[in-house]
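Notes follow the structure.
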Protein chains: 2
Amino acid sequence: MSKTKIKAKEASTEERIKEAARKLFTQKGFAATRTRDIADEAGINLALLNYYFRSKQKLFDIIMIENFRGLMGLMTGHFRDEQLTMEDKIAKMVGTYIDFISKNPDLPLFVLSELQGNPSAIAARINQEFMPARTQLFKELQESNREGKTALEPFHFVANLIGLTIFPFIARPILQRTTQTTDEQFAAFMQERRTLVPMWIRMMMKPPGK
Amino acid sequence: MSKTKIKAKEASTEERIKEAARKLFTQKGFAATRTRDIADEAGINLALLNYYFRSKQKLFDIIMIENFRGLMGLMTGHFRDEQLTMEDKIAKMVGTYIDFISKNPDLPLFVLSELQGNPSAIAARINQEFMPARTQLFKELQESNREGKTALEPFHFVANLIGLTIFPFIARPILQRTTQTTDEQFAAFMQERRTLVPMWIRMMMKPPGK
DNA sequence: TATTTTTTTAATCATTTGATTAAAATGTTT
DNA sequence: AAACATTTTAATCAAATGATTAAAAAAATA
């Protein structure tokens, strides 16, 4: 099998299957997604799916890893940049997340759901990729805390930063009903949060009485 | 069929099935849960499940409604109490949520997942139950905002309050890995948040320059 | 106790679903 | 064009799964 020679065609079909799979898996989760639906969505024969990916599970794992990388990459990316101040990093991250998830609204809940109760090699494996960025961020935070410039445990920092940014997307159905908000208003609120969340985080980090 | 006479026995088996269903549905979601597994977990014959509940879907709907009520009730409950100040209400709510979800950690993600893309009569129907409490809370908030005592839109308020409280549970797998936290430490952090979150919310509500 | 009603079970259906197979279609190389 | 390799399809399998049925067991009633 000469991979290179058939690359063009192969990539095309393979990609169409993957995109269909990404759409359905992300929307409905692993268990609720039928391989037949993926095939239909991709406009190909069911057997082709197995020809390219062997099994539903294998296809899913690929999608899962890519999705997860997409989400986490946004976070770690900005933290490598030595030029930026912590405040800049936070602002960039929040903005990037809001933009990205606005375009992929089902992604966060999908990742969180499928990770739930899945000790899985995936989680562990992916986690390692982000080890460096994470440790750097935490060093900065702990350093800053030690100097007395801030007072917020890394755990709370991460929980608050991610929570305030992506939770509204996750809880969107309930949230919109609860607050009787239209889709446009929701979008507007999320734009507001682009500046609000960094401001709130700043407040939370400030040491008491300073 | 004389309902009342057989109540005792009926309730017992019915309840066992419901509890098994609640456990599995909440853990793995609708699609991934097999009726056979529910039957096994309940220690009954598969046919009995259909005898009592007609179908998987009907059983699920019952569980879903109860779960959702359990979650939402915590919120609305405290908001009816006219005696409490807004600060008290917030503190009580956060505390109650943290306690409750600590005991039912899978519940939030389950509810959010299954509500996703489910326009379903359930969502609408349940929502109505909480209408009164909600409108009252919002009146209070808007009143307070108008008076200049606070400055936080109801949408942001709800998103932040719920987000800061329950998001850590939802993202627990990722969060614990990211911050390299043991189960004990996680529990401890959540206890810290019992006082931290109300404090943060207070800060967020404060009008600028006041 | 006999009869009727309610609860429970074993066996079985009919679909759905993930996967395979054998062959056809398409593309590539010589 | 012939021979070979790759891609795609239709048909089919086997297992899983939600649901039903007919009959047994247990409980309630007369």
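Proteins get letters first, then strands, A, B, ... in listed order; numbering begins at 1 in each. This structure is a prediction, so every number in the text was calculated from the model and none was measured.
- Counted by atom type alone, Thr26(B) and Asn67(B) present one or more donor-acceptor pairs between their side chains at under 3.5 Å.
- Within the 4.0 angstrom heavy-atom criterion, no nucleotide atom of any strand lies near Leu49(A).
- Side-chain contact check for Thr85(A) and Asp88(A): at least one donor-acceptor pair (N or O, by modelled atom type) lies under 3.5 Å.
- Of the side-chain N and O atoms in Asn45(B), none sit less than 4.0 angstrom from OP1 or OP2 of dT8(C).
- Look at CG on Asp40(A): it is 14 Å from P on dT16(C), rounded to the nearest Å.
- Using a 4.0 Å cut-off, some side-chain N or O of Thr13(A) falls inside it from OP1 or OP2 of dT8(D).
- Nucleotide dA19(D) holds its P atom 14 Å from the CG atom of Asp37(B), rounded to whole Å.
- Here the side chain of Tyr51(B) is nearest to one of dT7(C), dT9(D), dT20(D), namely dT7(C).
- Considering only side-chain atoms of Ser55(B), the nucleotide from dG18(C), dA10(D), dA19(D) that sits closest is dA19(D).
- The side chain of Arg36(B) lies closest to dT12(C), out of dT8(D), dT9(C), dT12(C).
- Classification of Arg172(B) and Asp183(B) as a salt-bridged pair holds, one side-chain N sitting under 4.0 Å from a carboxylate O.
- Looking only at atom types and distance, the side chain of Arg193(B) has a donor-acceptor partner in the side chain of Asn160(A) under 3.5 Å away.
- In this entry the distance linking CG of Leu48(B) with P of dA11(C) reads 16 Å, nearest Å.
- When distances are taken from the side chain of Arg34(A) to each of dG18(C), dA10(C), dT8(D), the shortest belongs to dG18(C).
- In this structure, the OH atom of Tyr52(A) is 18 Å from the P atom of dA19(C), given to the nearest Å.
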